[in-house]
Amino acid sequence: MRNIARKGIHYWQKPSAANVPAELIENGQNRVIDASLTLIRERAKLKGELVRALGGAVASSSLLGVPLGHNSSFLQGPAFAPPRIREAIWCGSTNATTEEGKELNDPRVLTDVGDVPVQEIRDCGVDDDRLMNIISESVKLVMEKVRAVSEKIGGPLDILHLDAHPDIYHAFEGNKYSHASSFARIMEGGYARRLLQVGLRSINSEGREQGKRFSVEQYEMRTFSRDRHILENLQTRGRCEGCMHFSRCGLSHIEPGGLSFRDVLNILYNLQADVALSSTQWTG
């Protein structure tokens, strides 16, 4: 019944919008966008002021949720992930101390600035082209995030991509914003100087061709034991961005056989790089 009601609401929205001046709709959308993103910016500013007041840290890692899943080709997990990730971080069965002894409840180590209200913005009729620009401006999600950071530091990044899939289709299922096409956009835009993809176990012919086209360094699970010493001693020449795609039982796939969480930690612990930013996508 809920699905029928939801469809009915959208059914009435479309013909009603056709009779409304485009300028009125755009102005309303702008107000919603500004109000939504102002909350995130102000929370981030407040947390930054708190870190500076406490002292002892130049910067803090910020946790920002992006509940965006409609461009996923199969599971829609990312749209529901942010609150579940927070629940896991603060689960009563564990403490807030990392393996290196850092306390996550110290705002100088981790600050939570909330979620981008993606669905609310989409419900106002904002299309994907504009939505990606909004996210790029304030949140910098995946390809848009890489572009924004690359432009800010004055040059392309080295990217370490931990995933079972290369996500480098030209336009998966005709969608240039598909999660499976994000790295094609990044490499086309020249925002990455070097792309290393680790943990791959599902590469088709297009993925291999695109990898050769963009000179991607692709490390597959079938040769992981041979490549382990290389991957656990990675060096980058400049600023590095890390992307991880997790599922319930491993890296990207529900099925076993890929990188374990410990494999990922070993790679990250030994990474020799200045990390500019990191992002995690969670499905399942």
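- With a 4.5 Å cut-off on side-chain heavy atoms, Leu195 and Phe183 count as touching.
- Clustering of Ile, Leu, Val, Met, Phe, Trp and Tyr side chains at separations under 4.5 Å places Ile203 together with Leu200.
- Atom-to-atom distance recorded for Leu39:CG and Asp34:CG is 13.0 Å, nearest 0.5 angstrom.
- Annotation for Ile267 and Leu160: closest pair CG2-CD2, 4.1 Å, computed over non-hydrogen atoms.
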Going through the checks in order, is the side chain to side chain donor-acceptor pair (under 3.5 Å) test met by Asn204 and Tyr169?
CA-CA 10 Å; Asn204 61 15; Tyr169 285 97; 2.7 Å; yes
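- The side-chain heavy atoms of Arg226 and Thr223, taken from C-beta on, include a pair separated by under 4.5 Å.
- Considering CZ of Arg201 and CE of Met221, their distance stands at 7.0 Å, rounded to 0.5 Å.
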Using the rule given for side chain to side chain donor-acceptor pair (under 3.5 Å), can you reason through Tyr269 versus Glu99, listing the C-alpha separation, both sets of side-chain angles and the distance that settles it, and then say yes or no?
CA-CA 11 Å; Tyr269 276 147; Glu99 290 186 340; 2.6 Å; yes
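- Going from atom CG of Leu268 over to atom CG of Leu234 covers 9.5 Å, rounded to the nearest 0.5 Å.
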Should Asp167 and His165 be marked as a side chain to side chain donor-acceptor pair (under 3.5 Å) after you check the CA-CA gap, both sets of side-chain angles, and the distance that decides it?
CA-CA 6 Å; Asp167 290 350; His165 317 103; 4.8 Å; no
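- With salt bridges taken as basic N to acidic carboxylate O contacts below 4.0 Å, none links Glu206 and Arg213.
- Looking at heavy atoms from C-beta onward, Ile85 lies in side-chain contact with Ile89 at the 4.5 angstrom threshold.
- Considering all non-hydrogen atoms of both residues, Ser181 and Ala171 come closest at OG-CA, 3.5 Å.
- Legend: residues meeting side-chain hydrogen bond (donor to acceptor under 3.5 Å, both in side chains) with Glu26, ordered by chain and number and at least two apart, are absent.
- In this structure, Ile186 and Ala192 approach most closely via the heavy-atom pair CG2-CB, 3.9 Å.
- Applying the ring pair (Phe, Tyr, Trp, His ring centres under 6.0 Å) rule to Phe224 yields no partners; only residues at least two apart in sequence or on another chain are considered.
- Atom CG of Leu265 is separated from atom CG of Leu259 by 11.0 Å, given to the nearest 0.5 angstrom.
- Here the CD atom belonging to Glu49 is positioned 6.0 Å from the CZ atom belonging to Arg52, to the nearest 0.5 angstrom.
- Considering only heavy atoms from C-beta on, Leu231 comes within 4.5 Å of Tyr219 through its side chain.
- The closest side-chain heavy-atom distance from Ile159 to Leu196 is not below 4.5 Å.
- Counting all heavy atoms, side chain and backbone alike, Ser36 lies closest to Pro117 at CB-CG, 3.3 Å.
- Not one N or O on the side chain of Arg108 forms a donor-acceptor pair closer than 3.5 Å with the backbone of Gly56.
- Proximity of a side-chain donor or acceptor of Lys47 to a complementary backbone N or O of Val113 within less than 3.5 Å is not detected.
- Between the side chain of Gln29 and the backbone N or O of Cys124, at least one donor-acceptor pair lies under 3.5 Å.
- Qualifying side-chain hydrogen bond (donor to acceptor under 3.5 Å, both in side chains) partners for Thr38, counting only residues two or more places apart in sequence or in other chains: none.
- The pair Asp115-Arg86 meets the salt-bridge criterion, with a side-chain N (NZ, NE, NH1 or NH2) lying under 4.0 Å from an Asp/Glu carboxylate O.
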Residue pair Glu220, Arg208: steps toward the salt bridge (Lys or Arg N to Asp or Glu O under 4.0 Å) verdict:
CA-CA 11 Å; Glu220 300 182 53; Arg208 295 185 188 280; 3.0 Å; yes
Could you please spell out the steps behind the side-chain contact (heavy atoms from CB on, under 4.5 Å) verdict for Leu104 and Thr98?
CA-CA 7 Å; Leu104 294 180; Thr98 70; 3.8 Å; yes
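- In this structure, the side chain of Asp263 engages the main chain of Ser260 through a donor-acceptor pair within 3.5 Å.
- No side-chain heavy atom of Arg43 sits under 4.5 Å from any side-chain heavy atom of Thr111.
- Trp90 and Leu110 get closest at one heavy-atom pair: CZ2-CD2, 4.5 Å.
- Side-chain atoms of Gln218 and Pro166, non-hydrogen and from C-beta on, do get closer than 4.5 Å to each other.
- Looking at Arg262 and Glu232, no side-chain N of the basic residue comes within less than 4.0 Å of a carboxylate O on the acidic one, giving no salt bridge.
- Under the 4.5 angstrom side-chain criterion for Ile, Leu, Val, Met, Phe, Trp and Tyr, the cluster partners of Leu50 are Leu54.
- Each of Leu46 and Leu64 belongs to its own hydrophobic cluster when Ile, Leu, Val, Met, Phe, Trp and Tyr are linked at side-chain heavy-atom distances under 4.5 angstrom.
- Checked against side-chain hydrogen bond (donor to acceptor under 3.5 Å, both in side chains), Glu23 has no partners two or more places apart in sequence or in another chain.
- The heavy-atom pair separating Ile168 from Gly207 by the smallest distance is CG2-O, 3.9 Å.
- With respect to Arg194 and Glu217, a salt bridge is recorded, a charged nitrogen being found less than 4.0 Å from a carboxylate O.
- A salt bridge is defined here as a Lys NZ or Arg NE, NH1 or NH2 lying under 4.0 Å from an Asp or Glu carboxylate O, and Arg84 with Glu87 fails to meet this definition.
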Is there a side-chain contact (heavy atoms from CB on, under 4.5 Å) between Ile33 and Arg130? Walk through the geometry before answering.
CA-CA 11 Å; Ile33 292 167; Arg130 195 173 176 202; 3.8 Å; yes
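- One finds a salt bridge joining Arg185 and Glu188 here, because a Lys/Arg side-chain nitrogen approaches an Asp/Glu carboxylate oxygen to under 4.0 Å.
- Under the 4.5 Å side-chain criterion, counting only non-hydrogen atoms from C-beta, Asn27 is not in contact with Leu24.
- The main-chain N or O of Gly101 is never found under 3.5 Å from a side-chain atom of Thr97 such that the two would form a donor-acceptor pair.
- Comment: Arg122 does not engage Asp127 in a salt bridge, judged by the lack of any side-chain N to carboxylate O separation of less than 4.0 angstrom.
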Should Val198 and Asp227 be marked as a side-chain contact (heavy atoms from CB on, under 4.5 Å) after you check the CA-CA gap, both sets of side-chain angles, and the distance that decides it?
CA-CA 10 Å; Val198 180; Asp227 299 330; over 6 Å; no
